[in-house]
2 protein chains.
Amino acid sequence: MLKHQKEMALLKEHLGKRQLKYTRQRELILDAFLKHEHITAEELYHQLSRKDPHLGLATIYRTLNLFCEAGLAQARHFGSQTQYDNVSHKGHHDHLICTECGKIVEFENCDIERLQEEVAARNGFVIKTHRLELYGLCSRCQH
Amino acid sequence: MLKHQKEMALLKEHLGKRQLKYTRQRELILDAFLKHEHITAEELYHQLSRKDPHLGLATIYRTLNLFCEAGLAQARHFGSQTQYDNVSHKGHHDHLICTECGKIVEFENCDIERLQEEVAARNGFVIKTHRLELYGLCSRCQH
DNA sequence: TTGAAATTGATAACCTATTTCAATTAGCTG
DNA sequence: CAGCTAATTGAAATAGGTTATCAATTTCAA
Ligand SMILES: [Mn+2]
Ligand SMILES: [Mn+2]
Ligand SMILES: [Zn+2]
Ligand SMILES: [Zn+2]
């Protein structure tokens, strides 16, 4: 019983439709990527460097962008870097960020999500993804 | 009757408290900045280059960051650049973005804003700013 | 097995933003 | 108003993250 069966199938389907190839590197990167809820290209690079010291950073970026196109990942600018979210991870969440100490709290709120859908519908949009970040002071930094 | 009286006063107050100076460049940049709801450093630079060809891009960046500290502006990463939002523009708004054609719809939703406050309170945070962006397809791009 | 087309890794290029530093300027102080 | 000191400026260098280039390699359909 192989892991990530479903996501691998999705990727192969995407590749097949566009005459793209299923390479050793893509398999390696997919496997590592799916272990995280979200990760940056640099983080993946350092992690995979141990398994394959010749894997290039450019390949990581190219592959993560490919995953985005295939619907497996979702890019999100966060700070100075891009976080690639693992779409297959259920439990979508948003972020509460302390601008003083950097603390980050992840949260989910169905009511907000529902209202977002309503706003979109009212404007004729169909939402595919979204991003909600609340910036402020955590309890410790308010003093 | 001068324009931007209130914002200029706010800036001067901020400067006064920290031994910072009110310069010709800061006045020029403030004036141009306040004419927009949001703008990038590069856009401001091109616009102001006509009035003062010697104004440096670094000064624009430094000044916009100063405005953020003074509470007049709010930085927001958008695409590959940073948008500086004009806080004095009433009608805070969030964005609905079409990933296909790039169309952007601005909206406000008090219920969402209220729920955000609740989430923050529940986690002991005090929100200072936030960002909500909904990505999807506009009505024209759904076909 | 073969060959065309896609992919890779190394590196250069790119882009936005910040840092450096010598020259200039703002804004007290007397 | 002149003099002084610290803040500010512009130009250019630097930084950091991401993408483009290109020769060598690999995939996969025929
Ligand atoms: Mn959400
Ligand atoms: Mn809002
Ligand atoms: Zn904090
Ligand atoms: Zn559209």
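Letters A, B, ... are given to chains in the order of the sequence lines, protein chains preceding strands, and every chain is numbered from 1.
- Remark: B/Q25 is not in phosphate contact with C/dA26, judged by side-chain N or O atoms under 4.0 Å from OP1 or OP2.
- At the heavy-atom level, A/E42 lies nowhere under 4.0 Å from the strands shown.
- Ring to ring, A/H95 and A/F78 are close: their centroids are under 6.0 angstrom apart.
- Contact check, A/T23 against C/dT8: a side-chain N or O comes under 4.0 Å of OP1 or OP2.
- Of the candidate nucleotides D/dT8, C/dA17, D/dA12, C/dA17 has the atom nearest to the side chain of B/T82.
- Within the structure, a side-chain polar atom (N or O) of B/Y61 is placed less than 4.0 Å from OP1 or OP2 of C/dA17.
- The separation between A/Q19 atom CD and C/dG3 atom P is 20 Å, rounded to whole Å.
- Between B/V87 and B/L72 the shortest side-chain heavy-atom distance does not fall below 4.5 Å.
- Put simply, CZ on A/R24 is 9 Å from P on C/dT8, counting in whole angstrom units.
- Atom CD in B/E27 sits roughly 15 Å away from atom P in D/dT8 (whole-Å rounding).
- Position along DNA chain D of the nearest nucleotide to B/P53 versus B/L15 favours B/L15 as the more 5'-ward residue.
- Of all nucleotides present, only D/dG10 satisfies the Watson-Crick or G-U wobble test against C/dC21, with each distance under 3.5 Å.
- In the set C/dT18, C/dA6, C/dA10, the nucleotide with an atom closest to the side chain of A/A58 is C/dA10.
- Counting all heavy atoms, side chain and backbone alike, B/I29 lies closest to B/L48 at CG1-CD1, 3.8 Å.
- Regarding A/L28, its CG atom lies at a distance of 11 Å from the P atom of C/dT8, rounded to whole Å.
- B/H36 and B/E43 are not linked by any side-chain donor-acceptor pair at a separation below 3.5 angstrom, with hydrogens and angles left out of the test.
- For C/dT7, the OP1/OP2 oxygens have no side-chain nitrogen or oxygen of A/T59 closer than 4.0 Å.
- Look at CG on B/L11: it is 17 Å from P on D/dA7, rounded to the nearest Å.
- Aromatic ring centres of B/F67 and B/F33: separated by under 6.0 Å.
- Separating the CZ atom of A/R76 from the P atom of D/dT18 is a distance of 13 Å, rounded to the nearest angstrom.
- Both B/H77 and B/L20 lie near DNA chain C, and the one whose nearest nucleotide falls closer to the 5' end is B/H77.
- Atom C1' of nucleotide D/dA7 and atom NZ of B/K21 are separated by 4 Å, given to the nearest angstrom.
- Summarising the geometry, the separation between CG on B/L57 and P on D/dT14 is reported as 18 Å, rounded to the nearest angstrom.
- Nearest to the side chain of A/Q81, among D/dG17, D/dA11, D/dA7, sits D/dG17.
- Considering only the side chain of B/R62, C/dT20 comes nearest among D/dC28, C/dT7, C/dT20.
- For C/dT25, the base has no donor-acceptor partner in the side chain of B/R26 [N/O atoms by modelled type, under 3.5 angstrom].
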For the pair A/K35 and A/D31, evaluate side chain to side chain contact (heavy atoms under 4.5 Å, CB included) and give the outcome as yes or no after the intermediate values.
-> CA-CA 7 Å; A/K35 287 179 182 150; A/D31 209 58; 4.0 Å; yes
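- Here the side chain of A/Y22 is nearest to one of D/dC28, C/dT16, C/dA10, namely D/dC28.
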